[in-house]
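Worksheet: one structure, shown below.
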Amino acid sequence: MAYNFITAEEAAAHIKNGDTLGLSGFTAPGNPKAILEAVAHKAAKEHEEGRPFKVNIFTGASTSDHVDGILSRNDAINMRAPYQNTPDLRKRINAHDTHYFDRHLSEMSQESRYGFYGDFDYAIIEAIDINEKGEILLGCGLGNIPTYARMAKKIFVELNSALPKSIYGMHDIYVPNDPPYRREIPIFHPNDRIGSPLLKVDPEKIVGIVKTHSLDGVKPFTEPDEISKQIGSNVVKFLLGEYRSGRIPKEFLPLQSGVGNVANAVLYDLGESPEIPPFMMYTEVIQDAVLELLKKGKCTFASTCSMTFSDHTEEQLFADLDFFHDKILMRTAEISNNPEVIRRLGVIAMNTALEADIFGNVNSTHVLGTKMMNGIGGSGDFTRNAYISIFSCPSVTKGGLISNIVPMVAHADHSEHSVDVIITDQGIADLRGKDPVQRAETIINNCAHPAYRPLLLDYLKMGKGGQTPHSLAAAFAFHTEFANSGDMRNTDFAKYY
């Protein structure tokens, strides 16, 4: 079949106010680079002429400035799910200019197929290659595009010549049947391949192909600061203790790691530990640190949904694909984050928190309980089903004005029932087998900053009976004090007695 090669502007001309778009990609990799920018410019023109123009955007996870950034600056997003991390979009969400619903990443694809979110007008797919049969070689992130492409009425393809065709074979595209016909997902080791290296779509649905040439534009993470290094050191200390005790088997277990500087610091520390044996990863995103671990042989295989490498590291990957080709496998979010597989493999989950309370509940998403930061992402998928679930965060932020260990989290994403271990720069709180008061004492004494320990112990003492001794009147005193004075250290629990 002969495809139509069109411009991004010609593609955008098809897209109407109110349309629902499903995008490939997971973080910046794999996401479209040109068509959504043209849609944003169209929105700006429509607004100037007094006409409404917004679209609904469904993705695998976060995108990039090519999508969420420019669309948000032009007020062109009506609804967005399931995860985001762009400052411009965050402002729109918190101002209620954009409707955003936060979902576990493993659920988004299947819930779309179940019809929970309505029809999809267009799927927009970044590709490295496409043939006349509609077989597509995808880019460096998969997300939920097999489902969106199946559901969409029409498809646009962005053919990105900056990505090498020799990446062929590094994708594993598998979509489970929906209930009541679903079977087990046959992954028994992180390196099991169960699907196709190519995405198959109906060629008749392809409206046009837009040519692009662009790397993913991921900025390198800054060097870990002293706080991140100490958190990383404490995570490794905990894992070594579990390994020495035999609670982690001698073969070790697959690791999942969240995104960011702390996650990178943890991975670098793991790579430097001579006692921890070579391990595999079963995770949703791999970053620059993982490529270094693969080079060293410390990580022997990485199953992921996205290769979220900085441009410099991405170029290193492409230059040495013969070495990395059989060491990395990209899966859809529905599989990379699948609870069944995570629990079967015994994945050790390592994620970050905005804040944790003294009883072990974790807030991953809302600053001071109200302002959306990014979203829950895949942390819930892994935390609830992990062999061990670890959350880490600095003990304080803003120079000590905010304690990230609080009496009660202002927004709960992960309950005490799912959180095994909390780690800060101060130390390690192993919560397994402890009742609420024991957990509180462990978290306060090991993870809270010394400036806040007396306050938190005062709060624990003033709790009014019951198994979990909260003072409902004072539960959010830290947050209230910060709102009033800008410093949680000024909290006075005496006025709540």
Side-chain angles (χ1 to χ4, degrees), residues 167 169-170 172 187-194 221 224 228-229 231-309 313-314 316-317 319-331 335-338 341-351 378 382 385-390 392 420-421 423 428:
I167 206 173
M170 295 180 73
D172 190 53
I187 297 175
F188 306 102
H189 302 91
N191 55 356
D192 283 345
R193 297 172 185 259
I194 63 173
F221 288 101
S228 298
K229 288 178 181 178
I231 293 171
S233 176
N234 287 339
V235 172
V236 173
K237 179 181 177 181
F238 169 77
L239 292 176
L240 275 173
E242 294 298 289
Y243 187 63
R244 289 166 180 163
S245 72
R247 287 188 291 270
I248 295 176
K250 62 181 177 59
E251 300 89 349
F252 215 67
L253 288 169
L255 299 178
Q256 175 260 342
S257 177
V259 179
N261 284 326
V262 171
N264 257 335
V266 169
L267 291 170
Y268 280 123
D269 271 22
L270 285 170
E272 296 300 317
S273 174
E275 269 193 78
I276 291 179
F279 56 83
M280 293 187 181
M281 297 191 70
Y282 192 89
T283 190
E284 54 191 340
V285 170
I286 56 175
Q287 303 177 116
D288 289 10
V290 176
L291 205 71
E292 292 300 315
L293 294 175
L294 287 166
K295 285 181 186 177
K296 294 177 180 178
K298 190 72 171 184
C299 178
T300 59
F301 190 87
S303 171
T304 186
C305 187
S306 174
M307 298 190 295
T308 308
F309 300 136
T313 301
E314 192 170 49
Q316 290 181 345
L317 168 75
D320 202 6
L321 264 179
D322 286 345
F323 174 80
F324 292 109
H325 198 279
D326 64 349
K327 296 176 178 62
I328 300 173
L329 193 63
M330 289 179 283
R331 309 183 192 273
I335 303 302
S336 70
N337 292 41
N338 190 274
V341 178
I342 292 164
R343 185 165 291 192
R344 178 187 299 132
L345 297 180
V347 175
I348 297 171
M350 303 182 293
N351 290 286
F382 285 91
N385 300 284
Y387 185 91
I388 303 172
S389 64
I390 302 169
S392 61
D420 296 324
V421 183
I423 296 176
I428 301 162

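We count residues from 1, following the sequence as given. Just so it is clear, the structure is predicted and the values come from calculations on it, not from any experiment.
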Problem set entry | Chi angles and distances behind the side-chain contact (heavy atoms from CB on, under 4.5 Å) call for Phe309, Gln316 | CA-CA 10 Å; Phe309 300 136; Gln316 290 181 345; over 6 Å; no
Problem set entry | Residues Phe279, Leu253; criterion side-chain contact (heavy atoms from CB on, under 4.5 Å); working and verdict | CA-CA 7 Å; Phe279 56 83; Leu253 288 169; over 6 Å; no
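Applying the salt bridge (charged side-chain N to carboxylate O under 4.0 Å, His left out) test to Glu314 and every residue at least two apart in sequence or in another chain returns nothing. Residues passing the side chain to side chain donor-acceptor pair (under 3.5 Å) test with Ser389 are Asp420, sequence neighbours excluded. Evaluation of the salt bridge (charged side-chain N to carboxylate O under 4.0 Å, His left out) rule for Asp172 yields Arg331 as partners, not counting sequence neighbours. Taking Glu242 as the reference, Arg247, Arg432 meet the side chain to side chain donor-acceptor pair (under 3.5 Å) condition, with sequence neighbours excluded.
In this structure, Ile342 and Tyr387 have side chains that are not in contact, with every pair of non-hydrogen atoms separated by 4.5 Å or more. Counting only heavy atoms from C-beta outward, the side chains of Thr308 and Ile286 never approach each other to under 4.5 Å. Between Met281 and Phe301 there is no side-chain heavy-atom pair separated by less than 4.5 Å. Contact of the Leu270 side chain with the Leu255 side chain is registered, since non-hydrogen atoms from C-beta on lie closer than 4.5 Å. Considering only heavy atoms from C-beta on, Lys298 comes within 4.5 Å of Ile276 through its side chain. Between Leu291 and Leu317 the shortest side-chain heavy-atom distance falls below 4.5 Å.
Summarising the geometry of Tyr282 relative to Ser336, their closest heavy-atom pair is CE2-O, 3.2 Å, with the distance given to 0.1 Å. Ser273 approaches Val236 most closely through the heavy-atom pair CB-CG1, 4.2 Å. Nearest heavy atoms, Ile348 versus Ile390: CG2-CD1, 4.2 Å. The two atoms that bring Ile187 and Asp192 nearest to each other are C-OD2, 3.8 Å, heavy atoms only. Counting all heavy atoms, side chain and backbone alike, Pro190 lies closest to Ser303 at O-CB, 3.5 Å. Minimum heavy-atom separation, Gly258 to Gln287: O-NE2, 3.7 Å.
Note: Met170 CE to Ile328 CD1 = 4.5 Å, rounded to the nearest 0.5 Å. Within the model, atoms CG of Asp320 and CZ of Phe323 stand 7.0 Å from one another, a figure rounded to the nearest 0.5 Å. Between the CE atom of Met350 and the CZ atom of Phe382 there is a distance of 11.0 Å, given to the nearest 0.5 Å. With rounding to the nearest 0.5 Å, the separation of CG in Leu267 from CD in Glu292 is 11.5 Å. In this structure, Met280 CE and Lys327 NZ are separated by 11.5 Å, a value rounded to the nearest 0.5 Å. Summarising the geometry, atom CG belonging to Asp326 is positioned 9.5 Å from atom CG belonging to Asn191; distances are rounded to the nearest 0.5 Å.
The number of heavy atoms from other shown groups lying within 6.0 Å of NZ (Lys237) does not exceed 12.
Using a distance-only test at 3.5 Å, with no hydrogens or angles considered, a donor-acceptor pair links the side chain of Thr304 to the main chain of Glu284.
Residue pairs meeting the ring-ring contact (aromatic ring centres under 6.0 Å, His included) criterion with at least one partner in residues 248-272, sequence neighbours excluded, are Tyr243-Phe252. The salt bridge (Lys or Arg N to Asp or Glu O under 4.0 Å) pairs that include a residue from residues 260-270 number zero, where partners must be two or more places apart or lie in different chains.
For the residue pair Gln256/Asn351, the side-chain donor-acceptor check at 3.5 Å is satisfied.
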